[in-house]
Amino acid sequence: MRLYTSYICYFIVGILCLQGCSTSEQAADEQFVKNSDIQPYIEQWESNKDSIERLSTMEADLSLLIQALAVQTDLKSLPEDMQEKLTYEEHGNKPEPSSGASLHAPHETINKFFGVKFSRYLIEKGALNQLKDLKSRYEELFNVLQSRIYKQEQDGRIFYNLIIGPVKNPEQANQLCIIMQVGGDKCSIVEF
């Protein structure tokens with residue numbers, strides 16, 4: 001009888017072990033994603049693959065078109081109703097005047113210089129924070145360029161415009177703007 005009891009114990013332990021293995025295999029199967037679960041997503045991606053590629057191509061073409069239009073557009077002059085009263089405040093390094101030359105206010109310059117204007121800010125601290133961020137990302141560029149924050153009044157509101165420059169012509173300003181756009185900044189070309 002003792003032998004019979006030990007066989008029953010071994011039999012029960014063996015069944016429990018096999019049951020435990022079977023349970024862990026079922027749990028493992030539930031953790032994996034089945035092909036039937038993701039098949040609708042794969043089919044949807046396959047069906048939209050051409051559309052996604054066309055959209056990517058159109059986005060690249062649109063970017064090129066915008067750059068071409070920006071070069072051809074006269075960004076130096078604004079329509080009468082968009083011209084506002086500007087107050088000039090200078091920040092950053094000032095270039096040394098050459099012998100016999102004098103510094104003029106921006107609206108009195110004999111030779112026009114251009115710059116890159118960033119977004120408008122409602123508070124001066126916003127423009128200063130943008131300038132600080134740009135200086136940290138483009139240290140070498142700011143060894144050569146200046147920055148100005150223009151206080152602008154429009155419809156009873158005061159805005160602060162950050163402008164980086166000067167450069168000699170609109171093409172150089174456009175190249176500078178493209179560099180800034182690659183870095184994720186929005187900008188436009190203006191007189192410095």
Side-chain angles (χ1 to χ4, degrees), residues 52-53 55-192:
I52 293 170
E53 288 175 3
L55 183 62
S56 177
T57 303
M58 287 172 39
E59 183 180 12
D61 291 344
L62 183 59
S63 175
L64 182 63
L65 179 63
I66 289 172
Q67 289 178 358
L69 286 174
V71 171
Q72 294 174 359
T73 305
D74 181 21
L75 297 175
K76 295 180 279 185
S77 61
L78 291 173
E80 291 280 330
D81 58 340
M82 293 182 71
Q83 293 180 359
E84 298 99 9
K85 178 182 172 185
L86 296 176
T87 305
Y88 298 100
E89 295 180 23
E90 292 188 25
H91 297 271
N93 300 331
K94 293 183 180 179
E96 295 294 326
S98 59
S99 61
S102 62
L103 290 177
H104 299 281
H107 58 279
E108 300 173 354
T109 56
I110 297 170
N111 296 326
K112 289 185 180 181
F113 290 101
F114 299 90
V116 175
K117 175 183 162 190
F118 294 89
S119 301
R120 289 181 170 182
Y121 301 91
L122 293 173
I123 57 174
E124 187 175 17
K125 188 173 182 176
L128 291 171
N129 287 340
Q130 175 74 23
L131 178 61
K132 183 179 176 182
D133 178 54
L134 290 171
K135 282 185 176 182
S136 69
R137 288 190 287 152
Y138 307 104
E139 289 179 37
E140 293 178 11
L141 198 58
F142 278 91
N143 290 335
V144 179
L145 298 175
Q146 302 176 40
S147 60
R148 291 183 178 172
I149 297 178
Y150 292 108
K151 186 176 178 181
Q152 179 180 18
E153 187 174 337
Q154 180 182 8
D155 299 329
R157 290 186 174 171
I158 296 177
F159 297 99
Y160 297 90
N161 300 312
L162 172 61
I163 300 178
I164 306 298
V167 293
K168 293 181 181 180
N169 55 47
E171 291 79 22
Q172 289 178 344
N174 187 45
Q175 290 174 350
L176 180 60
C177 189
I178 289 172
I179 291 170
M180 298 297 180
Q181 287 172 344
V182 168
D185 299 300
K186 294 182 180 180
C187 55
S188 60
I189 301 168
V190 295
E191 271 189 46
F192 191 74

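The structure presented is a predicted model; accordingly, all values stated were derived computationally and were not measured.
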Legend entry - Heavy-atom pair with the smallest gap, counting every atom of Ile149 and Leu162: CG1-CD1, 4.1 Å
Legend entry - Beyond-backbone contact of Lys186 with Gln181, side-chain heavy atoms, under 4.5 angstrom: no
Inset, instruction - Output the distance between atom CG (Asn161) and atom CD (Gln152), rounded to the nearest 0.5 Å. - result: 4.5 Å
Legend entry - Minimum heavy-atom distance Val167-Ala173, with the two atoms named: CG2-N, 3.5 Å
Legend entry - Value rounded to 0.5 Å, distance of CD in Gln175 from CD1 in Ile189: 9.5 Å
Inset, instruction - Check whether any side-chain heavy atom of Ile164 lies under 4.5 Å from a side-chain heavy atom of Gln146, and answer yes or no. - result: no
Legend entry - Nearest-0.5 Å distance, NZ of residue Lys117 to CE of residue Met180: 15.5 Å
Legend entry - Side chain to side chain, Tyr150 and Arg148, heavy atoms closer than 4.5 Å: yes
Legend entry - Least distance between heavy atoms, Tyr160 atom then Ala127 atom: CB-CB, 4.3 Å
Legend entry - Under 3.5 Å donor-acceptor, Asn169 side chain and Glu171 backbone: yes
Legend entry - Check: Leu145 and Leu176 side chains under 4.5 Å, non-hydrogen atoms: yes
Legend entry - Atom pair OG1 (Thr57) and CD1 (Ile52), whose distance is rounded to the nearest 0.5 Å: 12.0 Å
Inset, instruction - Any chance you could measure Asp133, atom CG, to Asp185, atom CG, to the nearest 0.5 Å? - result: 7.0 Å
Legend entry - Closest approach of Gly183 to Tyr138 (non-hydrogen atoms, all atoms of both residues): CA-OH, 3.5 Å
Inset, instruction - List for me each residue that meets side chain to side chain donor-acceptor pair (under 3.5 Å) alongside Tyr121, sequence neighbours excluded, and say none if there are none. - result: Gln130
Inset, instruction - Please confirm whether the backbone N or O of Lys168 pairs with a side-chain atom of Gln172, one donor and one acceptor, at under 3.5 Å? - result: yes
Legend entry - Euclidean distance, Phe159 CZ relative to Glu153 CD, rounded to 0.5 Å: 10.0 Å
Inset, instruction - Answer yes or no: are there more than 12 heavy-atom neighbours, outside Glu53 itself, under 6.0 Å from its atom CD? - result: yes
Legend entry - For Phe118, the option from Cys177, Ser188, Cys187 that meets side chain to side chain contact (heavy atoms under 4.5 Å, CB included): Cys187
